[in-house]
Amino acid sequence: MPQRTLTIIKPDAIQQRVAGEVIRQFEQAGFRIVAARLVHLTRKEAEGFYAVHRARPFFESLTTFMSSGPCMPMVLEGEEAIARLRKLMGATDPAKAEAGTIRKALATSVERNIVHGSDSPETAATEIHYFFGEMDLT
Ligand code: CMP
């Protein structure tokens, strides 16, 4: 059964002009784009999205980065979409990411790592609804 996941093409990807390359990789991997936005998050919106990381030492820096410029939240659909997207993205730290992954090819640091992907069905449902309403999700 097809599954949906939330990805964010992060501000570093937009600044580096590689958003199109990331989308091309999503499409080449067989994902269907269900919904997409271009949004410049406020600090509060970035903090809300990453609330589970509030106690982490990198929280302030992460939310500063995520609110530094526009990003592209998208809903992707496909078989095993959550696990397959995470495999395509590669490890959080690009230095540890496998060859052929998006982060290995494009990310510059553990924070500026180009792309986000939901880590479980529960998180995907919450994250999708953080950015999209029912009318967006056809
Ligand atoms: P993401 O998959 O969006 O989920 C949480 C984000 O926090 C992660 O990608 C990175 O951008 C960031 N992050 C995770 N670990 C660290 C770290 N050790 N230092 C800085 N940023 C981190």
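Order of appearance sets the numbers: ligands from 1, and atoms from 1 within every ligand.
- Here the closest non-hydrogen pair linking Cys71 and Ile14 is CA-CG1, 4.2 Å.
- With sequence neighbours left out, the ring pair (Phe, Tyr, Trp, His ring centres under 6.0 Å) criterion links Phe49 to His116, Tyr130, Phe131.
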Side-chain donor-acceptor pairs of residues 76-83 under 3.5 Å, sequence neighbours excluded:
| residue | atom | partner | partner atom | Å |
| --- | --- | --- | --- | --- |
| Glu77 | OE1 | Arg32 | NE | 3.1 |
| Glu77 | OE1 | Arg32 | NH2 | 3.4 |
| Glu77 | OE2 | Arg4 | NE | 2.8 |
| Glu77 | OE2 | Arg4 | NH2 | 3.2 |
| Glu79 | OE1 | Met1 | N | 3.2 |

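- Rounded to the nearest 0.5 Å, atoms CD1 (Ile114) and CD (Gln25) are 10.5 Å apart.
- In the displayed structure, Arg17 atom CZ is contacted under 6.0 Å by at most 12 heavy atoms of other residues, nucleotides or ligands.
- For Phe59, the ring pair (Phe, Tyr, Trp, His ring centres under 6.0 Å) test picks out no residue, with sequence neighbours left out.
- Enumerated by chain and number, the residues approaching ligand 1 to less than 4.0 Å through a heavy atom are Lys10, Tyr50, His53, Phe58, Leu62, Thr92, Arg103, Val110, Glu111, Asn113, His116.
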